Amino acid sequence: MIQLVIIIALALTFDFINGFHDTANAIATAVSTRALRLRTAILIAAVMNFTGAVLFTGVAKTIATGVVDLNTVTNGTYVIMAAMISAIAWNLITWYFGIPSSSSHALIGSLAGAALADAGLSAVNFHGFITIFASLIISPVIAIAVGFVVFTIIKKIVVRMSIYKANSGLRKFQIFTAAFQAFSHGSNDAQKSMGIITMALVSFGVQNDMTVPHWVQLACAVAMTLGTSIGGWRIIKTVGTQIMKLRPINGVAADLSASLVIQIATHLNLPVSTTHVISSAIIGVGTAQRIKGVKWGTARKMVIAWFITIPISILMSSGVFILVANIAQVI
């Protein structure tokens, strides 16, 4: 049971890190347009993250069953443990360097890598993995398109207003869109750790199905909320200032677009990268306004991180699994 406690602690640590790693997703645009002060924005994000986290469990079940076949792996404990260590390590590395990479990509890649190292290809649920992978890849593309359309619509609505009146109204409205974005983040991202803990409970025989217990839901919500309260200025700076120069109209359009995409994914029980969705929504908004206004160098770095995270996570978690399994044998 000590191993189960370690896995739960690792999953909650991942959720905590996810909170401050991905806080930027919800508040970067609001802070950059000065719709909200940083501390106020982080407080709103923490509250709304918690609210979103306690209302949904569908994504958790997808994570728990969609990547690894627990009936095939021989060392399920070490698979889950190695996956969490690898995902946490990648999150910390990318947070330190201010890279808005995906916690979801890291987690999915780490689960697959550890399972492959344990039992080979048969340990991976390829149907589920491909479905999840597709949602992670397609959602940013959809966010770009939605961002383009939403910005165009909002621009037509405010075109006859004075700049002062439009900016004043949009900054007030952005408080709502930032809160909605934080709620959406919590409703999707917090469930990933819920799925991990539920996998562990089933693996240890504590429960027989992948239903997420209420205490797991609450614990993950609290962990993410605590992480969110710390904030993540490095990534806020990248998302909020280094993709394009944001004005209130851009921020509202980006927040609203990203929230819609994430909410649709959550209701379809599909995990998405909130980092990549909001970043892509900003790119879509920038493209609708003026293509040259987008800092494509930053966008290119994010796309590179988008593609390399899963392969790197697979390799990292495979190595961590071998290390953990060998240490367990010695002990």
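Residue indices begin at 1 and follow the sequence shown. All values reported here derive from a predicted model rather than from experimental measurement. The figures here come from the full heavy-atom set of this structure, side chains too, leaving out hydrogens, waters and symmetry mates.
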Criterion side chain to side chain contact (heavy atoms under 4.5 Å, CB included) on I278 and D255, from CA distance to verdict | CA-CA 7 Å; I278 183 61; D255 283 349; 3.9 Å; yes
Give the C-alpha distance, both sets of side-chain angles, the deciding distance and a yes or no for side chain to side chain contact (heavy atoms under 4.5 Å, CB included) between T211 and T198.
-> CA-CA 7 Å; T211 301; T198 304; over 6 Å; no
Take V272 and D189 through the side chain to side chain contact (heavy atoms under 4.5 Å, CB included) test and state the conclusion after the steps.
-> CA-CA 8 Å; V272 295; D189 268 26; 6.0 Å; no
Test side chain to side chain contact (heavy atoms under 4.5 Å, CB included) on I249 and F151 and set out the steps.
-> CA-CA 7 Å; I249 187 172; F151 175 81; 3.9 Å; yes
Chi angles and distances behind the side-chain hydrogen bond (donor to acceptor under 3.5 Å, both in side chains) call for N18, S193 = CA-CA 10 Å; N18 195 339; S193 290; 5.9 Å; no
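Within a 6.0 Å radius of CZ in F204, more than 12 heavy atoms belonging to other residues, nucleotides or ligands are found.
Using a distance-only test at 3.5 Å, with no hydrogens or angles considered, a donor-acceptor pair links the side chain of S259 to the main chain of Q181. Side-chain N or O atoms of T177 include one that pairs as donor or acceptor with a backbone N or O of Q174 at under 3.5 Å. A distance-only check finds a donor-acceptor pair linking the side chain of Q191 to the backbone of G58 [under 3.5 Å]. For the pair N250 (side chain) and G286 (backbone), a donor-acceptor distance under 3.5 Å is absent. Under the 3.5 Å distance criterion, the side-chain polar atoms of S279 are left unmatched by any main-chain donor or acceptor of H276. In this structure, the side chain of Q207 does not engage the main chain of V202 through any donor-acceptor pair within 3.5 Å. Under the 3.5 Å distance criterion, the side-chain polar atoms of S168 are left unmatched by any main-chain donor or acceptor of K165. Not a single donor-acceptor pair under 3.5 Å links the side chain of S203 to the backbone N or O of M199. In this structure, N75 contributes its side chain and T77 its backbone to no donor-acceptor pair below 3.5 Å. A donor-acceptor distance shorter than 3.5 angstrom exists from the side chain of H267 to the backbone of Q263, with no hydrogens or angles considered.
One finds the OG atom of S184 at 10.5 Å from the CD1 atom of I264 (value rounded to the nearest 0.5 Å). I153 CD1 to I157 CD1: the interatomic distance, rounded to the nearest 0.5 Å, is 7.0 Å. Separation of atoms CE (M210) and NZ (K61) is listed at 11.0 Å; rounding is to 0.5 Å. Between atom OH of residue Y78 and atom CD1 of residue I85 there is a gap of 12.0 Å, rounded to the nearest 0.5 Å. For the atom pair CE (M81) and CD1 (I7), the distance works out to 4.5 Å, reported to the nearest 0.5 Å. Atom CH2 in W215 sits 5.5 Å away from atom CD1 in I197 (nearest 0.5 Å).
Within the 4.5 Å cutoff, the side chain of V285 has no heavy atoms near those of the V150 side chain. At a threshold of 4.5 Å between non-hydrogen side-chain atoms, the residues V68 and V124 do not count as touching.
Of all the heavy atoms in I132 and P271, the pair that sits closest is CG2-CG, 3.6 Å. A123 and V73 make their closest contact through CB-CG1, 3.6 Å (heavy atoms, listed as atom of the first residue, atom of the second, distance). A pairwise comparison of heavy atoms in A221 and V54 identifies CB-CG1, 3.6 Å as the closest pair. Summarising the geometry of A288 relative to T152, their closest heavy-atom pair is CB-OG1, 4.1 Å, with the distance given to 0.1 Å. The two atoms that bring A200 and L4 nearest to each other are CB-CD1, 3.7 Å, heavy atoms only. For the residue pair A143 and V261, the shortest heavy atom distance occurs at CA-CG2, 4.0 Å.
Between the side chains of K192 and S103, no donor-acceptor pair of N or O atoms lies under 3.5 Å. For N125 and D69, the side-chain atoms include no donor-acceptor pair closer than 3.5 Å. For the residue pair T62/N269, the side-chain donor-acceptor check at 3.5 Å is not satisfied. For N188 and T266, the side-chain atoms include at least one donor-acceptor pair closer than 3.5 Å. Checked by atom type, the side-chain pair S110/S317 shows no donor-acceptor distance below 3.5 Å.
By the criterion of side-chain heavy atoms lying less than 4.5 angstrom apart, applied directly or through intervening Ile, Leu, Val, Met, Phe, Trp or Tyr residues, V277 is not grouped with L268; the two fall into different hydrophobic clusters. No single ILVMFWY cluster, assembled from side-chain heavy atoms under 4.5 Å apart, contains both I310 and I130. Criterion: ILVMFWY side-chain heavy atoms under 4.5 Å apart, direct or through other members. Under it, V5 and L218 are not part of a common hydrophobic cluster. A single hydrophobic cluster is not seen to contain both I196 and L270; linkage of ILVMFWY side chains at heavy-atom distances under 4.5 Å, directly or through other members, places them apart. L323 and L315 are assigned to two separate hydrophobic clusters, defined by single-linkage of ILVMFWY side chains at heavy-atom distances under 4.5 Å.
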Pairs of donor and acceptor atoms involving the side chains of residues 8-17, under 3.5 Å and at least two apart or interchain, shall be tabulated with distances.
residue	atom	partner	partner atom	Å
T13	OG1	A9	O	2.7

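The aromatic rings of F129 and F126 lie perpendicular to each other, with more than 60° between the two planes, well past the 30° mark.
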